[in-house]
Protein chains: 2
Amino acid sequence: MATRRPERRNEESASAVIQAALDLCQEVGYRKLSIEGIAARAGVGKNTIYRWWPSKAAVLLDGLLSTMTMDASFPDTGDVRADLKTQMAAGIRTLGGPGLLPHYRALIGEAQHDPELHQALWDRFVSKLSAAAAARIELAQKQGQIRADVDPVLIIELLYGAGYYRRLLTPRTVDQEQIDAIVDLAFQGLAP
Amino acid sequence: MATRRPERRNEESASAVIQAALDLCQEVGYRKLSIEGIAARAGVGKNTIYRWWPSKAAVLLDGLLSTMTMDASFPDTGDVRADLKTQMAAGIRTLGGPGLLPHYRALIGEAQHDPELHQALWDRFVSKLSAAAAARIELAQKQGQIRADVDPVLIIELLYGAGYYRRLLTPRTVDQEQIDAIVDLAFQGLAP
DNA sequence: CTCTGGCGGCACGGAACGTGCCGTCTTGAC
DNA sequence: GTCAAGACGGCACGTTCCGTGCCGCCAGAG
């Protein structure tokens with residue numbers, strides 16, 4: 001049994017692999033992305049990839065994490081409604097832009113038939129964003145700007161779900177207008 | 001050029017292929033589902049599959065459509081809020097059950113890196129559900145049960161997005177409680 | 001009767017998979 | 001200073017599945 005020793009890992013190789021994966025995914029698309037292709041592009045043996053990552057999607061996830069500075073902190077101007085719009089728009093600008101959307105989208109897709117990736121995507125990425133949003137919402141609840149009798153998780157699902165639904169299921173795209181409309185609608189409610 | 005002649009198509013073979021795909025996807029999972037495997041299980045030549053479907057996902061989509069009776073009509077008891085809960089719960093019971101969820105989920109996942117499948121999934125399935133919901137919502141708007149100044153599409157995204165987000169992105173599962181809470185929250189709004 | 005086209009079956013070349021083995025090099029323990 | 005451990009790049013292998021082409025068979029249309 002070859003026990004992994006991360007301290008002896010060649011960081012140059014690792015980042016070359018990640019960069020090659022990101023580049024190739026952009027160029028040829030996720031479908032045609034292959035471990036062999038990544039290894040060749042990175043100038044690395046296939047084994048080096050298999051040694052550290054369970055799948056090509058895992059490489060891509062590392063790439064997504066390294067690209068995002070993971071600064072998921074929310075603004076706090078005192079107006080939650082505006083802050084939510086600001087933050088969601090910023091999210092769309094980065095995650096929804098041409099630089100990251102293909103990778104994020106491919107990961108979400110792949111996670112639907114890879115339970116381990118699904119868990120990893122949640123643990124290492126989505127849950128972080130969610131936690132940051134929850135913190136801002138809880139603050140607003142304490143300040144009386146949002147009903148305090150509702151689980152923040154539910155509010156996050158309501159607000160963010162709309163955008164994901166539109167992106168993943170429909171041919172429509174997410175823009176500033178939808179974000180503003182969704183936040184306003186969620187705050188005001190459907191009742192007349 | 002061999003022009004397709006649907007009228008000469010062998011319906012027995014077609015349904016055998018679809019059934020084999022559904023069964024195999026349940027047994028071995030979408031990842032290990034292969035055209036060769038489907039053909040063997042169905043007692044059919046590979047060509048017969050390639051002749052009529054562009055990909056294994058397309059076969060699965062046909063399977064999903066044939067399984068769902070596609071009765072997406074909404075109840076109308078006069079109380080939209082209750083009707084929405086009823087309908088969404090019914091959706092979860094079928095699409096979210098063990099019989100269909102694996103296939104639906106695999107299709108949504110695959111659609112994220114297959115534009116044609118994404119379009120087909122929308123055109124032939126999701127848009128139908130969406131249209132049925134939109135009709136019920138418009139009725140409620142005319143009856144004054146829902147604010148009339150909001151695009152029904154946005155309301156659908158708000159209500160359905162939450163469940164999809166939970167299912168596709170988080171480790172949580174969708175249950176009756178979430179549905180009720182989401183509908184109630186959406187109607188009442190986040191404002192205190 | 002004959003032609004068309006779908007059918008099952010088979011074979012092929014190619015791509016990528018995942019694994020194993022090699023010789024080299026670096027590193028840390030003794 | 002020596003030496004074993006382990007990561008590395010490179011290569012080769014067997015396997016699976018891909019997508020295509022060709023075959024002979026059969027049914028329906030002209």
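Note on naming: letters A, B, ... go to the chains in the order of the sequence lines (proteins, then strands), and numbering restarts at 1 for each one. Note: hydrogens, waters and symmetry copies are ignored here, and every other heavy atom, side chains too, is used.
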Whole-Å gap separating C1' (C:dT19) and CD1 (A:Ile35) | 13 Å
A:Leu95 and A:Leu129: side chain to side chain contact (heavy atoms under 4.5 Å, CB included), yes or no, with the steps?
-> CA-CA 12 Å; A:Leu95 275 179; A:Leu129 303 177; 4.2 Å; yes
Are any side-chain N or O atoms of B:Gln112 and backbone N or O atoms of B:Ile108, one a donor and one an acceptor, separated by less than 3.5 Å?
-> yes
Distance test, side-chain N/O of A:Trp52 to OP1/OP2 of D:dC8, below 4.0 Å | yes
Please produce a list of atom pairs where a protein N or O lies less than 3.5 Å from an N or O of nucleotides 25-30 of chain D.
unit_1, atom_1, unit_2, atom_2, d
D:dA27, N3, B:Arg8, NH2, 3.4

Give a yes or no answer on whether the side chain of A:Gln145 reaches the backbone of A:Val80 with a donor-acceptor pair at less than 3.5 Å.
-> yes
Length of the line joining A:Ile38:CD1 and D:dG9:C1', which is rounded to integer Å | 17 Å
Donor-acceptor pair between B:Arg172 and B:Gln178 side chains, under 3.5 angstrom | no
Short N/O separations, protein against nucleotides 11-15 of chain D, under 3.5 angstrom:
none

What is the distance from CG of B:Leu24 to P of D:dC17, rounded to the nearest Å?
-> 11 Å
Hey, does B:Arg166 have a side-chain heavy atom less than 4.5 Å from the side chain of B:Thr173?
-> no
Sequence-distant partners of B:Phe74, ring pair (Phe, Tyr, Trp, His ring centres under 6.0 Å), two or more places apart = none
Under a 4.0 Å heavy-atom cutoff, the residues of residues 53-61 of chain A touching DNA chain C are none
Nearest-angstrom distance from the residue atom CZ of A:Arg9 to P of D:dA7 | 10 Å
Grab the CZ-P distance between B:Arg31 and D:dT16 for me, whole Å please.
-> 17 Å
Starting at the 5' end of DNA chain C, which residue's closest nucleotide do you reach first, A:Glu7 or A:Leu33?
-> A:Leu33
Among all residues two or more places apart in sequence or in another chain, which pass the ring pair (Phe, Tyr, Trp, His ring centres under 6.0 Å) test with B:Tyr30?
-> A:His113
Whole-Å distance separating the CG atom of A:Asn10 from the P atom of D:dG10 | 13 Å
In plain terms, say whether B:Glu157 and A:Arg167 are close enough for a salt bridge, that is, a side-chain N and a carboxylate O under 4.0 Å apart.
-> no
Measure from NZ on B:Lys32 to P on C:dG18 and round the result to the nearest Å.
-> 11 Å
Closer than 4.0 Å, any side-chain N/O of A:Ser34 to the OP1 or OP2 of C:dA15?
-> no
Answer yes or no: is there a donor N or O on one side and an acceptor on the other, between the side chain of A:Lys85 and the main chain of A:Val183, under 3.5 Å?
-> no
What integer distance in Å separates B:Arg51:CZ from D:dG21:C1'?
-> 12 Å
Any residue meeting ring pair (Phe, Tyr, Trp, His ring centres under 6.0 Å) with A:Tyr160, in chain and number order, not counting sequence neighbours = none
Does the pair B:Leu64 and B:Phe125 meet the rule for a side chain to side chain contact (heavy atoms under 4.5 Å, CB included), with working shown?
-> CA-CA 9 Å; B:Leu64 182 67; B:Phe125 191 69; 4.0 Å; yes
